[in-house]
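Here is the structure we will look at.
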2 protein chains.
Amino acid sequence: MANIRDVAKEAGVSVASVSRYLNKKGYISEDTKLKIRKAIDKLEYIPNQVARSLTTKQTNFIGLIVPDITNPFFPELARAVEDIALSYGYTVVLCNSDEKSEKEIHYIDTLKQKYVAGFIVTTNQLRASHYEDLNVPLVALDRMIHESIPTVSSNNVDGACMGTNHLLDSGCEKIVFMRGPKGLGPADDRLAGFLKAVEGKNVQTHIVESPFHFGESEKIAKKFLTEIEGVDGIFASTDVSAAGALKAAHSLGISVPDQLQIMGFDGISLGGMLTPGLTTVAQDIYKMGALATRILIKIIEEIELDERVIQVPVELVERGTTRSVHR
Amino acid sequence: MANIRDVAKEAGVSVASVSRYLNKKGYISEDTKLKIRKAIDKLEYIPNQVARSLTTKQTNFIGLIVPDITNPFFPELARAVEDIALSYGYTVVLCNSDEKSEKEIHYIDTLKQKYVAGFIVTTNQLRASHYEDLNVPLVALDRMIHESIPTVSSNNVDGACMGTNHLLDSGCEKIVFMRGPKGLGPADDRLAGFLKAVEGKNVQTHIVESPFHFGESEKIAKKFLTEIEGVDGIFASTDVSAAGALKAAHSLGISVPDQLQIMGFDGISLGGMLTPGLTTVAQDIYKMGALATRILIKIIEEIELDERVIQVPVELVERGTTRSVHR
DNA sequence: ATGAAAGCGCTAACAC
DNA sequence: GTGTTAGCGCTTTCAT
């Protein structure tokens with residue numbers, strides 16, 4: 001493996017020139033450029049990133065922290081992040097925090113020590129102060145951590161409104177809203193949107209808390225579907241929860257969408273795999289990931305940001321768990 | 001941020017002693033150990049991994065290469081790998097090759113350059129020679145790359161046999177086997193198991209090729225379900241494919257399991273989310289990931305391996321897409 | 001425009 | 001046992 005010194009020798013120039021050439025910094029004559037290029041080709045030289053990092057205190061790694069890799073929403077997001085990162089020459093390190101703050105801290109510490117270029121964080125187990133002290137480029141994705149940190153998320157309030165209205169338009173009169181964990185940004189916002197949409201309307205509503213987890217959601221849905229009489233609509237804060245609710249309905253012999261309509265939120269591909277297909281408020285997952293990554297890279301490369309907080313619009317995807325409004 | 005020199009000075013010893021202490025190499029007296037420990041505590045010293053890597057040419061990163069992060073099988077595998085890796089002090093870099101050999105090469109090159117400790121590869125876009133030249137610890141997971149490379153996989157042949165027999169026992173007389181991509185180890189093995197199981201039995205069989213992708217599988221299943229008369233059983237090589245087949249059946253108004261029984265292979269949690277629940281040949285995904293990681297770490301740390309090729313047993317999980325044998 | 005040389009923080013020979 | 005010191009491969013002042 002050739003190193004920069006070999007290249008310099010081969011080209012008959014100094015290592016400093018080679019370094020300048022590599023980093024496109026400072027002036028070098030066309031002539032030496034050519035010589036260096038030739039030497040690099042000949043020796044098949046590849047710069048050693050580790051050595052470089054030691055001086056620059058930076059790598060081209062981007063840390064992506066997700067709370068639950070087995071929730072399909074996050075792999076879909078990760079894919080987008082990875083795509084964009086790759087196209088800019090960055091490599092993403094996917095870290096699954098399992099919703100545990102120790103793991104999150106561990107990853108942040110480890111990666112920071114390794115001079116990661118920045119983080120994209122889709123979780124918020126930690127207090128905002130923890131991130132603020134970080135002193136490494138950071139963008140929050142899906143969930144806002146703190147106003148001072150650039151954030152890309154969906155318009156959760158509007159999305160939840162939209163979903164609720166669709167349920168209302170389809171004739172629901174007794175809706176259970178399965179809210180996500182308290183204190184979780186998107187979960188709170190979706191609840192807010194729901195409440196806003198039902199306010200003053202002629203509907204009975206119940207709010208039930210449920211984690212973003214299939215099995216739990218199924219259990220919880222089964223419970224309230226048996227305990228509460230006449231529920232004809234469920235709005236779950238997440239597609240995974242909606243899937244649980246759908247499963248619960250099936251196992252109770254409740255027919256969807258005839259007796260019960262179900263609305264999800266996320267737009268993950270799981271929704272299309274279920275039967276009936278899940279009607280959902282779809283986020284533009286790819287766009288969210290892509291946007292967050294572009295923003296992070298701008299911060300890393302010290303390019304001015306146009307906006308620090310971006311809300312990506314959502315879209316209603318009608319499938320089989322709701323009755324068509326148009327008939 | 002204190003460095004090793006600061007610690008040495010604070011403790012009144014040389015940097016070499018501190019280094020020895022850190023790496024538990026060579027002898028140092030209890031006395032200096034104590035002094036060093038104190039200095040480290042006082043200065044809150046954390047060794048710089050990058051500097052360390054520059055000399056040792058090794059990091060504690062493990063590269064995990066998966067072909068498709070949106071296929072839930074791989075996140076579930078990744079979770080296991082990550083768990084174990086973390087417990088041994090390694091950090092996993094999850095790379096999604098998207099089944100493209102360029103991306104796979106890119107990741108391997110990039111990470112190798114960064115002195116990754118080793119790779120766990122669950123894909124095989126590249127020729128075996130590519131991996132052999134790698135000269136970095138490597139284990140193949142789920143798919144065998146080459147006999148010379150330690151491998152952890154499921155017993156795909158037996159699993160497929162088991163699944164087929166269950167279909168046969170449940171009364172299937174005309175089975176379509178949806179085989180995975182040709183040349184893909186597990187796909188070929190599962191087909192082999194199927195063929196072995198049906199051999200000499202009184203069944204009609206059709207082999208259809210389908211990628212491990214929901215949408216494609218659905219389309220393909222729809223096609224053969226309309227074209228081939230009287231199919232009463234489908235064995236899909238993957239749960240995701242099975243999910244596609246189930247969806248196809250539903251949309252054609254074919255009732256499962258009464259008219260058509262479906263068997264999957266993988267045991268991912270998606271199977272339980274569907275209605276009816278997917279009967280499947282379940283791999284012990286967590287165990288596979290854990291085993292592969294332990295083996296890789298042994299190779300990295302130059303600990304003797306007991307076995308180089310491990311087949312993890314599979315298990316039949318009966319859910320609703322097949323009729324119970326026991327009635 | 002180009003080169004010499006001093007680091008970056010650590011490891012590992014080698015000497016004592 | 002412990003210390004000195006020469007790298008690891010690169011970047012970056014500072015001269016020239």
Side-chain angles (χ1 to χ4, degrees), chain A residues 1-40 43-61 89 109-117 301-302, chain B residues 1-40 43-61 89 109-110 112-117 301:
Chain A
M1 211 68 184
N3 65 28
I4 197 171
R5 230 169 347 246
D6 300 331
V7 175
K9 199 184 292 174
E10 173 73 28
V13 301
S14 74
V15 292
S17 294
V18 179
S19 175
R20 274 190 284 265
Y21 171 84
L22 258 22
N23 299 295
K24 306 181 195 323
K25 271 186 188 169
Y27 290 101
I28 29 180
S29 68
E30 283 305 319
D31 184 46
T32 60
K33 258 188 205 167
L34 190 72
K35 284 191 284 187
I36 293 172
R37 200 168 359 226
K38 267 188 188 162
I40 289 180
L43 301 176
E44 295 185 335
Y45 168 71
I46 297 166
N48 181 320
Q49 298 295 335
V50 175
R52 173 175 283 178
S53 305
L54 186 57
T55 18
T56 60
K57 306 215 175 305
Q58 194 168 107
T59 61
N60 52 193
F61 275 129
D109 287 350
T110 310
L111 292 184
K112 200 188 154 181
Q113 242 182 75
K114 303 228 179 188
Y115 300 140
V116 270
E301 301 182 349
E302 299 185 319
Chain B
M1 210 66 178
N3 66 25
I4 197 170
R5 232 167 346 246
D6 299 331
V7 175
K9 197 183 294 174
E10 173 73 27
V13 301
S14 73
V15 292
S17 293
V18 180
S19 175
R20 274 190 284 264
Y21 171 83
L22 257 23
N23 300 293
K24 305 181 197 320
K25 272 183 187 170
Y27 290 100
I28 28 180
S29 68
E30 283 305 317
D31 183 47
T32 61
K33 258 187 205 167
L34 190 73
K35 285 191 284 187
I36 293 173
R37 198 167 1 222
K38 266 188 187 163
I40 289 180
L43 301 176
E44 295 186 339
Y45 167 70
I46 297 166
N48 181 318
Q49 297 296 334
V50 176
R52 173 175 282 178
S53 306
L54 186 58
T55 16
T56 60
K57 305 209 174 309
Q58 195 170 108
T59 60
N60 52 193
F61 276 129
D109 287 352
T110 310
K112 199 186 154 180
Q113 243 183 74
K114 304 228 178 189
Y115 301 139
V116 268
E301 300 183 349

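A note on names: the letters A, B, ... follow the listed sequences, proteins ahead of strands, and every chain is numbered from 1.
- Separating the OH atom of A:Y27 from the P atom of C:dT2 is a distance of 13 Å, rounded to the nearest angstrom.
- Panel note: side chain B:S19, backbone B:V15; no donor-acceptor pair is recorded below 3.5 Å.
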request  = Classify every nucleotide of nucleotides 7-16 of chain C by which part a protein heavy atom approaches to under 4.0 Å, writing B for the base, S for the sugar-phosphate alone and - for neither, in 5'-to-3' order.
outcome  = BBBBSB----
task = Kindly determine whether A:L22 and A:V18 satisfy side-chain contact (heavy atoms from CB on, under 4.5 Å), including the steps that lead there.
result = CA-CA 6 Å; A:L22 258 22; A:V18 179; 4.1 Å; yes
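- Inter-residue side-chain proximity for B:R52 and B:I4 is flagged as unmet; no heavy-atom pair is nearer than 4.5 Å.
- In this structure, the NZ atom of A:K9 is 16 Å from the C1' atom of C:dG3, given to the nearest Å.
- OP1 or OP2 of D:dT2 has at least one side-chain nitrogen or oxygen of B:S29 nearer than 4.0 Å.
- Looking at heavy atoms from C-beta onward, B:N48 lies out of side-chain contact with B:N3 at the 4.5 angstrom threshold.
- Heavy-atom contacts from other residues, nucleotides or ligands closer than 6.0 Å to NZ of B:K9 number 12 or fewer.
- For the pair B:V7 and B:Y21, the minimum side-chain heavy-atom distance is 4.5 Å or more.
- Per the geometry, OH belonging to A:Y21 stands 21 Å off P belonging to D:dG9, to the nearest Å.
- Nucleic acid contact class of B:S53 (heavy atoms, under 4.0 Å, all strands): none.
- Residue A:S17 places at least one side-chain N or O closer than 4.0 Å to OP1 or OP2 of C:dG3.
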